[in-house]
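What you see is a predicted model; the values in this text were computed from it and never measured.
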Amino acid sequence: MMAKGPLTGLRVIEMVGIGPCPFAAMMLADMGADVIRIDRKPDPAAPNPYPTLGTKYDVMARGRRSLALDVKHPRARQLLLDLVTKADALVEGFRPGVMERLGLGPDVCLERNPKLVYGRVTGWGQTGPLAPAAGHDLNYVALSGMLHAMGDADRPPAPPLNLVGDFGGGGMMLAFGVVCAMLETRISGRGQVVDAAMTDGAALLGAMMYGLRAHGSWSAARGANFIDGGAPFYATYACADGKFIAVGAIEPQFYARLLALTGASDPAFARQWDRDDWPALKDRFAALFATRTRDAWCALLEGTDVCFAPVLDMDEAPRHPHNAARATFVDVDGVTQPAPAPRFSRTPGQAGQVAAPGQDGAAILADWGWTDNAIATLLRDNIV
């Protein structure tokens with residue numbers, strides 16, 4: 001199950017949750033880290049609010065082995081602390097204070113293993129007036145200033161799925177922070193806590209926009225800027241068959257190519273950067289692109305310097321020739337899913353299978369140094 005990527009040899013404990021923490025753990029496992037999921041002991045009587053969890057469709061659980069523990073039980077908690085002494089990192093995504101109440105907070109774990117990197121991801125962060133409050137991706141992106149900039153000018157801000165908060169601002173930042181801290185530990189010999197907050201991460205993703213705003217080049221009005229849908233040359237358009245295309249011809253030479261290939265000869269199109277003309281030009285482009293099907297526009301524009309792409313749905317994207325050539329998507333147990341990224345020339349990542357909760361307990365403990373007798377006792381006493 002374990003890959004042989006650039007993080008091979010590192011041991012990570014993942015406290016199973018939802019959203020950004022499993023995404024970060026997936027990234028680490030994709031790159032070869034031995035990530036052990038600490039699942040909850042299955043309770044047949046308890047309803048499962050997330051029916052994909054623990055199945056092959058739980059893509060973010062790929063590539064890890066699973067050990068099921070009731071961490072409220074003293075012996076199970078002690079077992080987890082024993083694992084901590086052998087780990088390079090632990091990652092968790094619970095609300096502030098949960099791990100401390102379980103007796104598994106960073107102070108306890110770092111006392112057991114002073115070299116441990118303790119990665120935490122929450123919405124608001126571990127500190128600040130909102131830290132104890134509940135929230136979801138949309139709330140954290142809203143506080144960062146980025147949600148206000150997304151969507152059409154005449155509509156409320158559009159939710160950007162949960163890509164910006166959960167996965168970009170949260171999971172990726174946690175994975176990056178954990179790897180940074182593990183590199184630093186090799187120099188200092190000391191562990192530390194990584195506090196990844198989705199609202200911090202979402203704000204960081206907006207670094208360019210904040211710079212443009214300070215310069216005066218970015219309007220606070222939604223849909224009034226050159227990359228937020230306000231510009232006619234950086235937008236999506238409907239085609240004759242109801243499908244969509246995306247055009248991003250920002251640079252003058254690319255915009256000129258767009259006009260030449262589409263036959264947009266009206267002199268009005270030449271005023272690319274006249275913002276007062278943008279609404280009218282968008283209407284003209286909309287009428288132009290509505291004259292042909294998406295496939296017809298692809299035949300004319302795809303692969304040129306127009307900066308063009310078809311807007312594909314999730315069924316179409318894996319079949320696109322470019323994605324197929326790069327193996328951007330892979331099949332694991334019959335489930336099509338994104339491949340690990342980024343690419344490495346010598347130590348490539350690997351998308352592993354999804355383990356059922358608790359299926360690997362004995363094997364994990366054997367690999368991490370427990371004797372056969374000790375494992376048998378833990379199994380007999382239903383600790384594992």
Side-chain angles (χ1 to χ4, degrees), residues 1-5 7 11-72 76 80 83 90-94 98 119 121 136-137 161-163 165-168 170-172 174-175 312-319 323 327-341 349-367 379 382-384:
M1 173 179 287
M2 290 180 290
K4 298 298 182 184
L7 299 184
R11 288 177 164 180
V12 180
I13 296 170
E14 172 197 2
M15 305 299 295
V16 170
I18 59 172
C21 188
F23 187 83
M26 178 195 74
M27 292 183 66
L28 298 174
D30 282 352
M31 295 303 150
D34 180 9
V35 182
I36 303 305
R37 307 195 91 204
I38 305 300
D39 272 297
R40 297 172 181 84
K41 278 276 193 180
D43 182 357
N48 181 4
Y50 305 102
T52 61
L53 294 185
T55 73
K56 67 180 183 178
Y57 303 104
D58 186 9
V59 170
M60 291 195 304
R62 71 189 186 194
R64 281 100 87 194
R65 295 184 293 175
S66 171
L67 170 64
L69 297 174
D70 176 6
V71 294
K72 295 180 180 180
L80 180 54
L83 286 167
L90 179 149
V91 293
E92 60 97 357
F94 303 131
V98 170
V121 59
H136 274 298
D137 174 282
L161 301 180
N162 61 336
L163 299 177
D166 272 351
F167 303 139
M172 283 189 176
L174 176 61
L312 305 177
D313 64 31
M314 288 189 290
D315 294 323
E316 295 173 314
R319 300 194 298 266
N323 291 335
T328 301
F329 295 86
V330 294
D331 185 286
V332 180
D333 286 344
V335 178
T336 300
Q337 55 196 268
Q350 177 180 318
Q353 296 177 312
V354 177
Q359 77 171 42
D360 306 300
I364 290 168
L365 295 176
D367 287 349
L379 291 170
N382 199 32
I383 302 302
V384 174

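Ala24 and Leu174 get closest at one heavy-atom pair: CB-CD2, 3.7 Å. Closest approach of Asp333 to Gln353, counting heavy atoms only: OD1-NE2, 3.0 Å. When all heavy atoms of Val354 and Asp58 are compared, the closest pair comes out as CG2-O, 3.4 Å. Shown here for Asp367 and Arg11, the closest heavy-atom pair between the two residues is O-NH2, 3.1 Å. In terms of heavy atoms, Val12 sits closest to Ala33 at CG2-CB, 4.3 Å. Counting all heavy atoms, side chain and backbone alike, Ala175 lies closest to Met27 at CB-SD, 4.2 Å.
Listed by first and then second residue, the salt bridge (Lys or Arg N to Asp or Glu O under 4.0 Å) pairs involving residues 13-27 are Glu14-Arg37, Glu14-Arg64 (not counting sequence neighbours).
Counting heavy atoms from C-beta on, the side chains of Met15 and Leu80 come closer than 4.5 Å. Side-chain contact check for Leu67 versus Leu83: some heavy-atom pair is nearer than 4.5 Å.
Residue Arg40 qualifies as open at atom CZ: its count of foreign heavy atoms under 6.0 Å is 12 or below.
Remark: Lys4 NZ to Gln350 CD distance equals 9.5 Å, nearest 0.5 Å. Once rounded to the nearest 0.5 Å, the distance linking CD of Gln337 with NZ of Lys56 reads 10.5 Å. Taking CZ from Arg62 and CG from Asp30, the interatomic distance works out to 4.0 Å, rounded to the nearest 0.5 Å.
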(request) Determine, step by step, whether Asp34 and Arg65 satisfy the side-chain contact (heavy atoms from CB on, under 4.5 Å) criterion, reporting the C-alpha distance in whole Å, the side-chain angles of both residues, the deciding distance to 0.1 Å, and the verdict. (result) CA-CA 8 Å; Asp34 180 9; Arg65 295 184 293 175; 3.5 Å; yes
(request) Go through the steps for His136 and Asn162 under the test side-chain contact (heavy atoms from CB on, under 4.5 Å), then give the verdict. (result) CA-CA 9 Å; His136 274 298; Asn162 61 336; over 6 Å; no
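At least one donor-acceptor pair closer than 3.5 Å links the side chain of Asn323 to the backbone N or O of Ala317. Listed for the Asp166 side chain is no donor-acceptor partner under 3.5 Å among the backbone atoms of Gly19. Judged by distance alone, with hydrogens and angles left aside, the side-chain atoms of Asp360 form a donor-acceptor pair with the main-chain N or O of Ser66 at under 3.5 Å.
Listed by chain and number, the residues in a ring pair (Phe, Tyr, Trp, His ring centres under 6.0 Å) with Phe167 are Phe23 (sequence neighbours excluded).
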